Amino acid sequence: MSSQTPKRDDDYVIDQGWKNYTADEHAVWDLLYRRQRAILETRAHEALIDGHEALNLNRGGIPDFAVINEELKRRTGFKVVAVPGLVPDEVFFTHLANRRFPAGQFIRGRSQLDYLQEPDIFHDVFGHVPLLTDPVFADYMEAYGQGGLRAMKFGRLKNLAALYWYTVEFGLIETPEGVRIYGAGISSSKDESIFSLEDPSPNRIRFDLERVMRTEYRIDDFQQTYFVIRSFDELFRATVDTDFAPLYERLADGVTYKPETVLATDSVIQRGTQAYAKAKASAGAKPG
Ligand code: PHE
Ligand code: CO
């Protein structure tokens, strides 16, 4: 077996193979890091920036997990492990429940700097891992892993996935200075970092657990709605301190909301025009 095809165990963990990254792959990390940090300077929640600094993700090239894990362990006991890409739900939840964050081992190529479907090391380590230095957020992630295993038993993974999507991946947070980014799907994307905060198109609605868990989401384009939390403590209390069993009973009615829907009961921070999504839809509907 060559060093290019690392062996994986049942938990899908592989060796990061840090020595095998090419000079150009390290250069892609540096380029993405600099570009994204410039955009996030005024847009990201400080926990994210503090995490970048605490883990020294700008020491030059792709971070070595063995090195960043020392600091991560000191802060919250979390650990990053390398995986080939997306892993099965149960594997993913089991890692989180044991305070391990599975991160893609590969880095995108230069032709995909702005967008790719699979989570690579830049999305995972620049976007997700810094928040694992925050004690409350780290506890939320561990609890989410336990909650995932439980949701599988209730057959309500779809609803729990929506919670992850609208918080961990595409969450916004209110601060005294204004609304800021904390979701990794946003913070690792140049265009969505600007779109999510500044574009008039998407809705920005206050986080409500059941509302979020009933909301459909799109994986192929910018979100049509972003949910805004007031603090990680609020998110923690609304999820970790709530027994989801009665909630899963209610969700069994199957009522869901479209990504763009605004309900009369929503606490709306900004109602979007949906101009971006409408333009995309009509462009797609025409031939050519
Ligand atoms: N409290 C949830 C339950 O009872 C578990 C959970 C915690 C889910 C945090 C998501 C996030 O199932
Ligand atoms: Co992600």
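As the structure lists them, so they are numbered: ligands from 1, and atoms in each ligand from 1. What you see is a predicted model, and the numbers here were worked out from it, not measured in a lab.
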>> Please state which option from T242, L247, T239 has its nearest heavy atom closest to atom 9 (C) of ligand 1.
In response: T239
> Looking only at protein heavy atoms, which one is nearest to atom 6 (C) of ligand 1, and how far off is it?
Replying inline: A143 O, 3.8 Å
> So, S196 and Q223: side-chain donor and acceptor under 3.5 Å apart, yes or no?
Replying inline: no
> If every non-hydrogen atom of V125 is compared with every non-hydrogen atom of L57, which pair is closest and at what distance?
Replying inline: O-CD1, 3.5 Å
>> Which residue and atom name correspond to the protein heavy atom nearest atom 5 (C) of ligand 1, and how close is it?
In response: G147 CA, 3.6 Å
> For ligand 1, which atoms, with element, lie under 4.0 Å from some heavy atom of D243?
Replying inline: 4 (O)
> Between F101 and F78, is the ring centre distance below 6.0 Å?
Replying inline: no
>> Is it the case that the side chains of R100 and H95 hold a donor-acceptor pair, with the cut-off being a distance below 3.5 Å and no angle test?
In response: yes
> Have Y226 and E192 got a donor and an acceptor in their side chains that come within less than 3.5 Å?
Replying inline: yes
> Just checking, is any N or O donor in the side chain of Y140 or T167 under 3.5 Å from an acceptor N or O on the other one?
Replying inline: yes
> Going by the order shown, which atoms of ligand 1 are within less than 4.0 Å of some heavy atom of Y140?
Replying inline: 11 (C)
>> Distance under 4.0 Å to a non-hydrogen atom of L163: what atoms of ligand 1 satisfy this?
In response: 10 (C)
> Restricting to N, O or S atoms of E169, which is nearest to the Co ion (ligand 2)?
Replying inline: OE2
>> I need the single residue from F222, F227, W165 that forms a ring pair (Phe, Tyr, Trp, His ring centres under 6.0 Å) with F170. Which is it?
In response: W165
>> Only heavy atoms of R150, strictly under 4.0 Å: list the atoms of ligand 1 that pass.
In response: 3 (C), 4 (O), 12 (O)
> Is there a nitrogen or oxygen of F244 sitting under 3.5 Å from a nitrogen or oxygen of ligand 1?
Replying inline: yes
> How is the N/O/S atom of H128 that comes nearest to the Co ion (ligand 2) named?
Replying inline: NE2
